[in-house]
Every structure is written in structure tokens, then in C-alpha cells.
Chemist: 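The structure under discussion is supplied below as C-alpha cells; questions concerning it will follow.
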Number of protein chains: 2
Amino acid sequence: MDWIDRFAGLSKLPAPIRDLLVEKSMIVKVPKDTVIFGPGKAPENLLLLIEGTVRVSQTTEGGREIVLYRVHAGESCVLTTACLLAYEDYSAEGIAETDVVAAAIPRDVFDKLVSDSTDFRQFVFSAYSRRITDLFYVIEEIAFRRIDIRLAQKLLELGRDTGSLHTTHQQLATELGTAREVISRQLQDFQRRGWVVLSRAVVTLTDTAALEKLARSE
Amino acid sequence: MDWIDRFAGLSKLPAPIRDLLVEKSMIVKVPKDTVIFGPGKAPENLLLLIEGTVRVSQTTEGGREIVLYRVHAGESCVLTTACLLAYEDYSAEGIAETDVVAAAIPRDVFDKLVSDSTDFRQFVFSAYSRRITDLFYVIEEIAFRRIDIRLAQKLLELGRDTGSLHTTHQQLATELGTAREVISRQLQDFQRRGWVVLSRAVVTLTDTAALEKLARSE
DNA sequence: CACTGCTCTGTGACAAGATCACCGACCGAC
DNA sequence: GTCGGTCGGTGATCTTGTCACAGAGCAGTG
């Protein structure tokens, strides 16, 4: 099976376009924690993630950080290419959250594909759309949602499959753009209620139903 | 002079492309306060703003609102087309903040231009880039910046030329995604310091230097 | 003019969240 | 074991958000 079949929007491309894409792209493997792009490190290629996830976050001068969105397998890093194309000074950075396998499409091939294929354009624009709605969501949550609800959502998002997360309180604070102490206190509160069990750098979810109820509330 | 010359990224287009663009687009006039796009109101065209400004904001189910960015003369509403192309259910809306004159480019012409012209692609992607960095900025400000600093910035942004703004406290709160009471108290504080003078629905800036100092601080 | 209804602003009490300072618990390396 | 570093806990304090309500200004109406 071709890697391209993992991308819903790409598998239906006409054969010549599809072949060009497969032929001109390189499969790259990136170890966990690699900085894929960031200030002063513009990506040369458009990445299509075949395996793994990339976490995109922003850091202020003051050293505070917030997670903007994640790129999962089957999605692409479109924002980065276009952004860096125009503004070099943008401060978001992308980090491989796991080991990552990706198809790297050189900029000129990307440009040719956008020019030649309606379907590829559709793919690119809908990828944009996805990211932008993610950003809208982040803005809405930060501005208006209570922190306990946001934390419950995040715990479920990050730990639903395994039932536990290997994360420090600081990392959770960064996810939500808040302070470590706030997260610590909220987690203690959740623990008192029997929804989670805490130990060093581990949060185990013990009552996902209750967390979900909170996450959905309001 | 052609309207197209107002757009830095478009005036250098090759003649045939340029002619296509001018010929196929329609000049539309939109009165102040018109909802240009929003939930359930997808735009059929890409708008290039020739005169006026469009305010793009987001409203939650709870009725709370925050301003995301503004599109000024010489810029385009790219996000809307692409977003709505993929996700119908997105909640941002665009309102004409003044009377607006714009060139409307039908979707199929837009698509053809993107296909045919490298320069037009460049224009589109850099317009995206601009909006996305705006969103990044909003996220950073909401998450980490003190409200007095943000208010000072906003007062200067909206009132620098005339030295006063015709705005209610509620509108300023919406600009910053906060509550009216917070703005009222901050403005009173600014007034006590002699930086502004308040009257019903009017804020007059009387010490922009001091406001700028605060806005730049940190 | 007086009356009415509306929008806009002011205020106090309180809750939630952020910040600061500091400490102790835990962990791995040596 | 001890040492240095990370991780988490805690109280005090400040900022911001929320709630409830009151009063001030303004327009329209008779």
C-alpha cells in the first residue's frame, strides 16, 4: 500500500499527479523531540505525516508557552510552509511529539501541484481550513472557558485510549496556556473527587465518565 | 487608476492575468454594519477590499464575542472562502465596520487564477500568512498579556489618528474578549491618571505618550 | 414639559485564576 | 549514601471575571 492512501484528500488524485507526488517526495524519519520548524528554522518542504504527531506551540519573549494544535498522521503541515514563505519572524515552532514518518514535498513540487491539480488545491485549502478552525477554537477556549473544564477536556483528549498520561503538571499548563500551580490545584481537586490518581509525572484517569460530564458542561 | 493597483501583491501580475481579474470581478458597495459572511451565510466570492474595513469576530453559544482581526483596504478576505469551502459550521462572522467598496472575485475565477498564476498564488498564500499571524498574536495576547496593557494598545490602535473613539465600553470589552466591568474600571483608572477623558460612548485620548509607554511595557 | 423605555456606565461583593516565594519530595547519577 | 535537578504542594497576594443591581443620560411620545 502506498503511503498516499492514508490521505483521504489525496488518494483520489488523477494518476499522473499522484505519480508525480509519490516520485518527487522523500520519506523522512524524524526522532521524537526533534524541532521540525521554528524561529530561524524554516522548513524547506511541505510535510505530510504518515506516522506520529507534531505538536505546534508558540513561545513568548517571556518564555511562556502555549500549544496551538497538533498535526496527526494523515494530515499536513500546511501552515508552516505558507507562513514562513511570507513572514520569517513568526514565533511558532513544531516539535515531533513521537517518532515521526513523513513524506516531504519540495517547495517547487508543491507549487506545481497546486498549479496543476484542482484536487490538490482542494486538499491544501481544506488543510488550511482545518488549522484555522483549530485556532479559532483555541481562542474561544482561552478567552471564555473555565480552566477546570478545559483541563478535563485535555486529560480526556490526551489519555482517552490508554487511560493515563505521562505528563508533568507543567506540560499540562503549557497545553492550556496557564500556570503550573493552577493545574496542580485542579488536579488535586479531581483526585479528591476520585476522578484521577496522581503520581510523579503520571495522571491516571479513574472516572472518565465524570470527567466527560465536566468537559461537556456549559 | 485601476483598483488593482491598490494591492501591492497584484499590481505586478502579468497583463493577461491582470486583465482577467479586472474583467471578471465585480465592484460591490456594502453599507456599514452589513454582515458580509457568518454562520449560515457563506460568501460566494473572494473579496478584495478597496475601501473601508471589515471586522471579523467570533461569538460563542453563550453570546460572548471576541474580535479576531480586521481586513483593511488593500487586503483580502481569503480565510472566509477557504474556510467555508471545507467547514460550513464555523462560527466567525465578518461585518462591514464602515461603508465598504470591494472587488468580488467569483469562486471559479479565483480557482483559475490560483491555477494559472504564480504571483496570484503568492498573493493568496501571503494573505493567509498575514491572517494566521494575526491569530497567533491574538492567542498570545489573550493568554499572557495584562488587560491594562492590551486596553492601552487597543485604544491607540483605534484612536491614534483622530485622538478619540466613539465606542462603548462593551464594544471595547468585545475587542479584547473580556467583560464590560473590567473595561469600565480600567478606563476610570486611565482617566484618574489623566490619560483619557470619558463621556458617554466616547473615549478621548489626552496623553498618548503615557498610553504608549504602558502599551510597550513588558 | 413629564413620562417611559432604552442604552450606557458605576459599584460592591465575591469567585476564579495568575503570580510570587519558598519548601519538601522524589529520582537518577555518581 | 549524597548531590543536583526535576517535580509537585502551599499560602499570600494581586488581577481578572462574574453577579446583581442602581443610577445617569438620551430619545421618543403625549
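First the proteins, then the strands, lettered A, B, ... as listed; each starts at 1.
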Chemist: Any salt bridge between B/E75 and B/R131, counting N to O under 4.0 Å?
Modeler: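 Answer for the salt bridge query: yes.
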Chemist: Would you kindly say whether B/S57 and B/E65 are connected by a side-chain donor-acceptor distance under 3.5 Å?
Modeler: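 Side-chain D/A pair, B/S57 to B/E65: present.
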Chemist: Grab the CG-P distance between A/L165 and D/dG8 for me, whole Å please.
Modeler: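 After rounding, the gap between these two atoms is 11 Å.
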Chemist: Rounded to the Å, how far apart are A/Q170 CD and C/dT19 P?
Modeler: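 From A/Q170 CD to C/dT19 P: 12 Å.
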Chemist: Salt bridge or not between B/E175 and B/R55? Use side-chain N to carboxylate O under 4.0 Å.
Modeler: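 Looking at B/E175 and B/R55, the cut-off is not met.
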Chemist: Give the rounded distance in Å between these two atoms: CD1 of B/I149 and C1' of D/dT15.
Modeler: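 In whole Å, D/dT15 C1' and B/I149 CD1 are 12 Å from each other.
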Chemist: Taking for each residue the nucleotide of DNA chain C bearing the nearest heavy atom, is the 5' side occupied by A/R180 or by A/D148?
Modeler: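 Taking each residue's closest nucleotide, the earlier one in sequence belongs to A/D148.
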Chemist: So, does B/R64 get its side chain near the phosphate of D/dT18, meaning an N or O under 4.0 Å from OP1 or OP2?
Modeler: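 Result: yes.
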Chemist: Is a donor-acceptor contact shorter than 3.5 angstrom present between the side chain of B/R200 and the base of C/dT7?
Modeler: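 Per atom types, the contact qualifies.
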Chemist: Let me know, please, whether A/E181 or A/I147 comes out on the 5' side of the other along DNA chain C by nearest nucleotide.
Modeler: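 Nearer the 5' end of the strand: A/I147.
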Chemist: Return the value, rounded to whole Å, for the distance between atom CD of A/Q186 and atom P of C/dA15.
Modeler: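 My rounded result for the distance is 16 Å.
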Chemist: Check this one for me: any side-chain N or O of A/Q188 less than 4.0 Å away from OP1 or OP2 of D/dT10?
Modeler: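 Yes, because at least one side-chain N or O of A/Q188 sits under 4.0 Å from OP1 or OP2 of D/dT10.
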Chemist: Using OP1 and OP2 only, check whether a side-chain N or O of A/H169 sits under 4.0 Å from D/dT6.
Modeler: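 No, no such contact exists.
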Chemist: How do A/F144 and A/V202 order along DNA chain D: which one's closest nucleotide is nearer the 5' end?
Modeler: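 On the 5' side of the pair lies A/V202.
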Chemist: Between C/dA16 atom P and A/L176 atom CG, what is the distance in whole Å?
Modeler: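 It is 18 Å, rounded to the nearest whole Å.
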Chemist: Categorize A/R185 for me: base, sugar-phosphate, or nothing, with a 4.0 angstrom heavy-atom threshold over every strand shown.
Modeler: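 A/R185: base contact, heavy atoms under 4.0 Å.
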Chemist: Is the shortest distance from a Lys or Arg side-chain nitrogen in A/R185 or A/D189 to a carboxylate oxygen in the other one below 4.0 Å?
Modeler: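 Between A/D189 and A/R185 there is no salt bridge, as every charged N stays at least 4.0 Å from the carboxylate O atoms.
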Chemist: Hey, which of A/R150, A/R146, A/R145 is the one that makes side-chain hydrogen bond (donor to acceptor under 3.5 Å, both in side chains) with A/D148?
Modeler: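 Of A/R150, A/R146, A/R145, side-chain hydrogen bond (donor to acceptor under 3.5 Å, both in side chains) with A/D148 is met by A/R146 alone.
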Chemist: Can you check the B/I183 CD1 to C/dT11 P distance for me, whole Å?
Modeler: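 Result: 16 Å.
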Chemist: Where the side chain of A/A201 is defined as all heavy atoms beyond and including C-beta, which of C/dT9, C/dG17, D/dG8 is the nearest nucleotide?
Modeler: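 Nearest to the side chain of A/A201 among the choices is D/dG8.
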Chemist: Here's a test of your reading of the structure: between A/T167 and A/A143, which maps to the more 5' nucleotide of DNA chain D?
Modeler: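 First, find each residue's nearest nucleotide; the 5'-ward one identifies A/T167.
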Chemist: At less than 4.0 Å, is any side-chain N or O atom of A/T178 found next to OP1 or OP2 of C/dA18? Yes or no.
Modeler: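 Checking C/dA18 against A/T178, a side-chain N or O does come within under 4.0 Å of OP1 or OP2.
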